[in-house]
2 protein chains.
Amino acid sequence: MAENVLVVHGGGPTAVINSSLYGVIEEARESGRIDKVYGAIGGSEGILRERFMDLLKFPEEKLKLLLETPATSIGSSRYALEQKDYEAMVDIFKKHEIQYVLLNGGNGTMDTCGRIYEACKGEGIRVVGIPKTIDNDIAITDHTPGYGSAARYIAGTTAEVGVDVKSLPIHVCILEAMGRNAGWITAASALARKQPGDAPHLIYLPERPFHEDEFLEDVKRLYEEKGGVVVVVSEGLKNELGEPVVPPIFKTERATYYGDVGAFLAELVIRKLGIKARSEKPGICGRASIPWQSPVDRDEAILAGREALKAAMEGKSGVMVGFIRDVEKEEAGGVYQMRVETIPIKEVMMYERTIPASYINQRGNDVTDEFIRWCRPLIGPELRDFIDFKEEYEKR
Amino acid sequence: MAENVLVVHGGGPTAVINSSLYGVIEEARESGRIDKVYGAIGGSEGILRERFMDLLKFPEEKLKLLLETPATSIGSSRYALEQKDYEAMVDIFKKHEIQYVLLNGGNGTMDTCGRIYEACKGEGIRVVGIPKTIDNDIAITDHTPGYGSAARYIAGTTAEVGVDVKSLPIHVCILEAMGRNAGWITAASALARKQPGDAPHLIYLPERPFHEDEFLEDVKRLYEEKGGVVVVVSEGLKNELGEPVVPPIFKTERATYYGDVGAFLAELVIRKLGIKARSEKPGICGRASIPWQSPVDRDEAILAGREALKAAMEGKSGVMVGFIRDVEKEEAGGVYQMRVETIPIKEVMMYERTIPASYINQRGNDVTDEFIRWCRPLIGPELRDFIDFKEEYEKR
């Protein structure tokens, strides 16, 4: 019987999902065991519709493009699976001689992964999860592929915006970062700093209730000191009641819509402090950015794909590939210490991991050095150096 | 007597202003004539405060950082000059033995350049303008340094966002581009396309009155066809009366504030069409982006700096360095045809150049091939290729 693999993508894009797919294909090729690596075209819905395409047949030259193609090359879906769908999948897998099912996604996808695993138990089909999310909110694993690149994007972009704002320091610039419930991306903006006083000057995370008065106080003080202030905020900032800080702008039958936090806070600065302000919201420009892809993140994404297939071929099922760090050893030796392990999928299913208290400063307007040490290796090489003759002039 | 140069930066940042400064320094060094290349620290205000720093004394290694430092390394200002300031400047130039004054900026700065030139007439001080603006709205010159990089940023980013939206095609994504009165940057998003059907699917420019009903009609049609739609809009869209399409959100004594056009249009799509929509506004992240710097733009920025100093040393004054293109010759020979000329500053002062009608399609929701041919050489090398297995699957 043929040994076939099926790769399924779930949820929102990152800059390195396709790198994990590349890792699976390379591992399959090198194993000498695998006949076909099917991509499910259009996510879990693609499984039910049996939209499978063998990716092993593509030349290496074409497959290499996966490493620099953002989002998912095989497509994803938001289709809500029902119990009967899971049962139907087992027959579909058998029909196509698929022994290894690899699901690549975030928390929602890991939940699906667990359910498919349950449905496939005793059928000789192994189901393994490959973590992926810019939000970095999957449990147990130290971090997730996709995060390092989103972190590098926000750090590099904040550094560039910082130079822009400093060159004509007459306003407050609010940069809105993705991550509705978890502030991992927003926090990574701190990696922009090379010297004391560098942007970002303030960081607000959804893990801490947002106090408008403290925010205005902080902004005013920094504006008086610097003239140009860069603030990075999470799109999901909430007040003490856990409600979004932006009042709802309108409702439809299905959902309530809120304005952009960045725009809201910029308006607040203008209105309440009389200081010029503007906001930027790169949004999905960030998660899709290939120039800011972190090489470390990309390598780890490839590795996660490879290790998922390896685990499945070794007979593991109902597990997710995870990254385990030894930060203490890193601090002693100065070298990034990461190893891959498989984690029972039940332990990660539908648990949203947010930033621990030790990574946030007391006032809740910045991150701690502990966070920076944790995050630093993930974004890859040092950001470029800039030259500031204004500063050289002041130093004379 | 010493021969000294003064470089002054005006107005808003681009990704290559510092490259023009680098060009001036290199030209000065190579000429063997120049004693000092002063940077005015903090723009025209820096002249009056005599905040001058000799940049020739810095090592080449440090100066090279100028090529990859966004915004201005010597600072800019928004100080409003008065007639007495121009007169004071002449004495300051003489005191510091400055024979060559080079002003780098957009339309406002070229106006200042003309006035300084008038004040310096007959004093043996030559005044030359170096164009610079992401907005590309300076008259006569074919394009301005700074534009090519802003164009490359929006083209590359639109291509990446296009892939993101296509991978899970369930919404309309509105990307807001800079350029309040001139749509040059917005238009350049069209360079993202490699194949028919690629993003951007719609482009709206401030040069054409925006019709809400036509916009909704276009979006609806494309959404039904594709599922995922990418629209690029200028931040300065206006209706038939010339008023911003976004209603004012509040007023202060000094100014009226409008919301973001992208957010406004996304809301319109949700409300009126019931289609999921979101907006992104990279804003100054775009003009400060070094990874998206166009190598052509950077080289031309260096050249503009060099040529400005050359012109001044040759005795020219009251001129701006401009780029002259021969697009007909380009089309015949397939090679970019650009030469540098000096343009009398009086001809460019305070005239805002917008997109000509021949660059906009009839319905006003896209650019023409003529625009694409004009813009293509400015953004530099081909954008990277992506791989789309969904498309390969459909093609089988």
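So you know, we letter chains A, B, ... as the sequences are listed, proteins then strands, and number each from 1.
Contacts between B:Ile290 and chain A at a heavy-atom distance below 4.5 Å involve backbone atoms as well as side-chain atoms. Within the 4.5 angstrom heavy-atom criterion, only side-chain atoms of A:Ile170, from C-beta onward, approach chain B. Contact annotation for B:Asp260: only side-chain heavy atoms (C-beta onward) come within less than 4.5 Å of a heavy atom of chain A. Interface remark: B:Thr158 contributes no atoms to any contact with chain A (heavy atom separation under 4.5 Å). Only the side chain of B:Tyr153 comes within contact range of chain A, judged by heavy atoms closer than 4.5 Å. The contact between B:Arg278 and chain A is made entirely by side chain atoms (from C-beta outward), counting heavy-atom distances below 4.5 Å. Residue A:Glu267 touches chain B through both its backbone and its side chain, counting heavy-atom pairs closer than 4.5 Å. Residue contact with chain A, scored on non-hydrogen atoms closer than 4.5 Å, involves the side chain of B:Ile41 exclusively.
Taking each heavy atom of A:Glu280 and B:Cys285 in turn, the nearest pair found is CB-SG, 4.1 Å. Shortest non-hydrogen contact noted between A:Phe389 and B:Leu66 is CE1-CD2, 3.7 Å. Scanning all heavy atoms of the two residues, the minimum distance from A:Phe52 to B:Tyr393 falls at O-CE1, 3.6 Å. Taking each heavy atom of B:Asp388 and A:Ser73 in turn, the nearest pair found is OD1-O, 3.6 Å.
Between chain B and the residues A:Asp385, A:Ile270, A:Asn18, the largest count of heavy-atom pairs under 4.5 Å involves A:Ile270. When the candidates B:Gly12, B:Ser77, B:Pro70 are compared by the number of heavy-atom contacts under 4.5 Å with chain A, B:Pro70 comes out ahead. Contact count versus chain B (heavy atoms, under 4.5 Å) is highest, among A:Lys166, A:Glu391, A:His9, A:Met53, for A:Met53. Among A:Glu394, A:Arg396, A:Glu392, the residue with the largest count of heavy-atom pairs under 4.5 Å with chain B is A:Glu392. Note on A:Tyr257, A:Phe250, A:Trp292: by heavy-atom pairs under 4.5 Å with chain B, the leading option is A:Phe250. If you tally non-hydrogen atom pairs under 4.5 Å between each of A:Ile249, A:Thr157, A:Thr72 and chain B, the highest count goes to A:Thr72. For the options A:Gly75, A:Gly46, A:Gly156, heavy-atom pairs under 4.5 Å to chain B are most numerous at A:Gly75.
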* Output, in order, the C-alpha distance, side-chain angles, deciding distance and verdict of side-chain contact (heavy atoms from CB on, under 4.5 Å) for A:Ser289 and B:Glu160. => CA-CA 7 Å; A:Ser289 173; B:Glu160 291 180 335; 4.0 Å; yes
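Atom NZ of B:Lys251 has 12 or fewer heavy atoms from other residues, nucleotides or ligands within 6.0 Å.
In this structure, the side chain of B:Ser76 does not engage the main chain of A:Leu168 through any donor-acceptor pair within 3.5 Å. Between the side chain of A:Lys62 and the main chain of B:Ile387, no donor-acceptor pair closer than 3.5 Å is present.
Using a 4.5 Å heavy-atom cutoff, the side chains of B:Pro13 and A:Val163 are not in contact.
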